[in-house]
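Quick note: numbers below take in every heavy atom, side chains included, and nothing from hydrogens, waters or symmetry partners. This one's a predicted model, so the numbers in the text were calculated from it and none came from an experiment. Throughout, a chain's letter reflects where its sequence line sits, starting with A, and its residues are numbered from 1.
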Amino acid sequence: MYLYASGKSRIIAYERAADAVEHLSSEAKDLYDEGKLEDIPGVGASIAANLSDIFKTGKSKHFEALLKSVSPAVFELIPLEGIGPKLAYKLVNELKIKPPDAISKLKKLVLKGEIAKLEGFGEDSQASILKAIDDYKESGNRHLLNYAESVANLIVDWMKNDASVTRVDTLGSLRRKVSTIGDIDIACCTNDVSKTIEHFVNYPDKKRVLDRGDKKASIIIPGNIQVDLMAQRPNAYGALLQHFTGSKHHNIALREYARTKSKSLSEYGIRNLKTKKLKKLASEEEFYHSLSLSYIPPELREDTGEIQAAESDFKNQTPGLPKLIGLTDIKGDLQIHSNFDIETSHDLGISSYRVIIQKAQELGYEYLAFTDHNPSRSKHSDKQIIDLIKRKKESIEKLNYSLMHNNKRVISVFNSLEVDIKSNGDLSIPEAAFDCLDFVLVSIHSVFRLSKELMTKRVLQALNHPKAKIFAHPTGRKLNEREGVELDWDKIFDYAKENNKFIEINADPMRLDLPDYLVKDAVKRGVMLTMGTDAHHVDHMINMRYAVYVARRGWAQKVNVLNTRPFKDVKMLLI
DNA sequence: GCCGTTTTCGGCCCGACTGTTTTCAGTCG
């Protein structure tokens, strides 16, 4: 096959270029328009020409020609666990599998025992292909961060039962706090590696053992979640943590960086390529410092400039690494739904003012905002809506009065509302109702599909209202369910910065919206962010940490987030 | 195919695990 016969290096080159394009902070199309495609790392004259071809004509002659020699059935099989390009190609060609439905055709052949007859395959590989096909059917989406955390915690607890284990950590995307998680990675610091592996594969709630070696093992647990465990002795545990925290892109970039210093990195430590000596490292801090880099927090390890920043940080030069925001910096929750019934358009909260206030005090907050949805438009006249919002205003005034006089710790409550942005950019409450509110959040709850231009115009018009201060769950995405809306973020961020508007990071694990990569853009542009849990039940208020994770992944510092500030500052900026 | 404060040619991140073979290729993270 031409694609492979022409060399592995070219494949790697294309993969690198594809990764670089995917990780671009700007659109490749914009770079094409400016004639700067070759500025993308890994993109040279040849790949730039192919890309130009695609932007110009919608397709690439080069790839159309190449793809003629490969059946589409090959690409259908590659997603199967354990099937890569070579095996897929071999199976399709030797068994004459035709698209579509290559996977189910393959399954029929497996059940007939045709695979084991092929050269290079046997009974075992045939069985593992069958398992891969069955798993593939059951496996669906990536898992939400909070779910993955809860599953991982059970396994962490199980591993702590092993007496030889001195420390357990979650690694991979879970440690980097990515919003959705594929596999769960766990590291064990142990004095007896083989005993620890044995303990792991005996996890009571496993479905089956996928791999099992001397140093690592993988199991499948219900829900078809793969759990990988790596075990290491204490003296090299830092190298293991670093290696399996990733991301893949970070590690590749870091190893390339290390090579410029004649060093080679692995999960065992740092090898000096001149002396061939391996330096084992017990901690990650030592690992990074040995490369003349400042310690890089896991959330930043995506190869988006953190290595360069850590290098200059280590030399005390600017720009260094950001001093990332932490959960304890948060002084209030700016999106909470109560059960005070104003006959809302979307779901009402479940918990009362009283229990929410109590929880806010437990969390050490100075303030919070009650941001119930606006009264439903279809079921009420303008006057009824205004009356409902007046009732809410009076109830919160009473609440604030009693808080001032009855509590040891003063907590202040903003009287706010989460107001729907209608498809034309109007807000869903009558003008007179705004007088009863401190400020409002505006958000999209309908008509998610509009052109980028119209959607941007819609949001800017909504934000133009003097009481509209926060653009809540800005993309409207729901993880695993719905893509976000299309917006011209440059325009939204510029407008927000110039007009004292704030962009929310919604902490609901199903949303995590603004997404991390847009947070990074917003931070770079000096846009001020807010955080809200969007709690509809008092128990959701502890979700604030997820917003903090997103902010950290977006390089945000305390100064970038409004609700790290004391009440009087926040009041001044919102009212 | 890309890339260079050792290089415009000769390399390209690193190692574990599996299955099918007797020394390794393919896949994965």
Discussion item. Could you identify the nucleotide paired to B/dG26, looking across every strand shown and requiring Watson-Crick or G-U wobble geometry with both distances under 3.5 Å?
Written reply: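 Pair assignment: B/dG26 / B/dC17.
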
Worksheet entry | Residues A/Asp192, A/Thr190; criterion side-chain hydrogen bond (donor to acceptor under 3.5 Å, both in side chains); working and verdict | CA-CA 5 Å; A/Asp192 186 341; A/Thr190 175; 5.9 Å; no

Mind calculating the distance between [atom1] ([X]) and [atom2] ([N]) to the nearest angstrom?
{"X": "A/Lys90", "N": "B/dG19", "atom1": "NZ", "atom2": "P", "result": "16 Å"}
{"X": "A/Met230", "N": "B/dC17", "atom1": "CE", "atom2": "P", "result": "11 Å"}
{"X": "A/Asp19", "N": "B/dG1", "atom1": "CG", "atom2": "C1'", "result": "15 Å"}
{"X": "A/Arg10", "N": "B/dC3", "atom1": "CZ", "atom2": "P", "result": "15 Å"}
{"X": "A/Leu229", "N": "B/dA16", "atom1": "CG", "atom2": "C1'", "result": "14 Å"}
{"X": "A/Ile219", "N": "B/dC17", "atom1": "CD1", "atom2": "P", "result": "16 Å"}
{"X": "A/Asp214", "N": "B/dT18", "atom1": "CG", "atom2": "C1'", "result": "13 Å"}
{"X": "A/Gln242", "N": "B/dC14", "atom1": "CD", "atom2": "P", "result": "13 Å"}

Expressed as a whole number of Å, how far does the [atom1] atom of [N] sit from that of [M]?
{"N": "B/dT8", "M": "B/dG15", "atom1": "C1'", "result": "32 Å"}
{"N": "B/dC2", "M": "B/dT6", "atom1": "P", "result": "24 Å"}
{"N": "B/dA25", "M": "B/dT20", "atom1": "C1'", "result": "10 Å"}
{"N": "B/dT7", "M": "B/dC3", "atom1": "C1'", "result": "10 Å"}
{"N": "B/dT21", "M": "B/dG26", "atom1": "P", "result": "14 Å"}
{"N": "B/dC17", "M": "B/dT23", "atom1": "C1'", "result": "16 Å"}

Practice prompt. Would you please name every residue forming a side-chain hydrogen bond (donor to acceptor under 3.5 Å, both in side chains) with A/Asp124, sequence neighbours left out?
Written response: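 Testing A/Asp124 for side-chain hydrogen bond (donor to acceptor under 3.5 Å, both in side chains), a comparison that skips the adjacent residues, returns none.
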
Worksheet item: With a 4.5 Å heavy-atom cut-off, do A/Phe121 and A/Glu94 have their side chains touching?
Response: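 They are not in side-chain contact.
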
Worksheet entry | Results of side-chain contact (heavy atoms from CB on, under 4.5 Å) for A/Leu111 - residues two or more places apart only |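 So A/Leu111 forms a side-chain contact (heavy atoms from CB on, under 4.5 Å) with A/Lys107, A/Leu130.
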
Worksheet item: For B/dA16, does OP1 or OP2 lie under 4.0 Å from any side-chain N or O of A/Tyr268?
Response: yes

Lys/Arg-Asp/Glu bridge criterion (N-O < 4.0 Å) met for [X], [Y]:
{"X": "A/Glu198", "Y": "A/Lys195", "result": "no"}
{"X": "A/Lys248", "Y": "A/Glu15", "result": "no"}
{"X": "A/Glu306", "Y": "A/Arg176", "result": "no"}

Any protein N or O atoms within reach of nucleotides 9-12 of chain B? Criterion: under 3.5 Å, listing atom names and distances.
from, atom 1, to, atom 2, distance (Å)
B/dC12, N3, A/Ser9, OG, 3.3
B/dC12, N4, A/Ser9, OG, 2.6

Tell me what [X] touches on the nucleic acid: a base, only sugar-phosphate, or nothing, going by heavy atoms under 4.0 Å.
{"X": "A/Ala45", "result": "sugar-phosphate"}
{"X": "A/Asn251", "result": "nothing"}
{"X": "A/Ile47", "result": "sugar-phosphate"}
{"X": "A/Ser218", "result": "nothing"}

Worksheet item: If every non-hydrogen atom of A/Arg552 is compared with every non-hydrogen atom of A/Ile325, which pair is closest and at what distance?
Response: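 Taking every non-hydrogen atom into account, NH1-O, 2.9 Å.
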
Practice prompt. For A/Ser128 and for A/Pro41, find the nucleotide of DNA chain B with the closest heavy atom, then tell me which residue's nucleotide is more 5'.
Written response: A/Pro41

Between [options], which nucleotide gets closest to the side-chain atoms of [X]?
{"X": "A/Ser264", "options": "B/dC14, B/dG1, B/dT18", "result": "B/dC14"}
{"X": "A/Ser266", "options": "B/dG1, B/dC17, B/dG15", "result": "B/dG15"}
{"X": "A/Ala13", "options": "B/dC17, B/dC2, B/dA16", "result": "B/dC2"}

Item to complete: Any chance you could list the contact pattern along nucleotides 20-29 of chain B? Use B for base contacts, S for sugar-phosphate-only contacts and - for none, protein heavy atoms under 4.0 Å, 5' to 3'.
Response: SS----SSSS

Worksheet item: Under the rule syn = chi within 90° of 0, otherwise anti, which is B/dT5?
Response: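 Anti, since the glycosidic angle lies more than 90° from 0.
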
Item to complete: Name all pairs fulfilling the side chain to side chain donor-acceptor pair (under 3.5 Å) condition that reach into residues 256-265 of chain A, sequence neighbours left out, sorted by first residue then second.
Response: A/Arg16-A/Glu256

Mind listing the side-chain donor-acceptor pairs of residues 45-52 of chain A below 3.5 Å, one per line with the distance, residues two or more places apart or on another chain?
from, atom 1, to, atom 2, distance (Å)
A/Asn50, ND2, A/Tyr14, OH, 3.0
A/Ser52, OG, A/Ala48, O, 2.8

Item to complete: Tell me whether the guanidinium CZ or amine NZ of A/Arg482 lies under 6.0 angstrom from the six-membered ring centre of A/Phe448 and within 45° of its axis.
Response: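 Yes, a cation-pi geometry holds between A/Arg482 and A/Phe448.
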
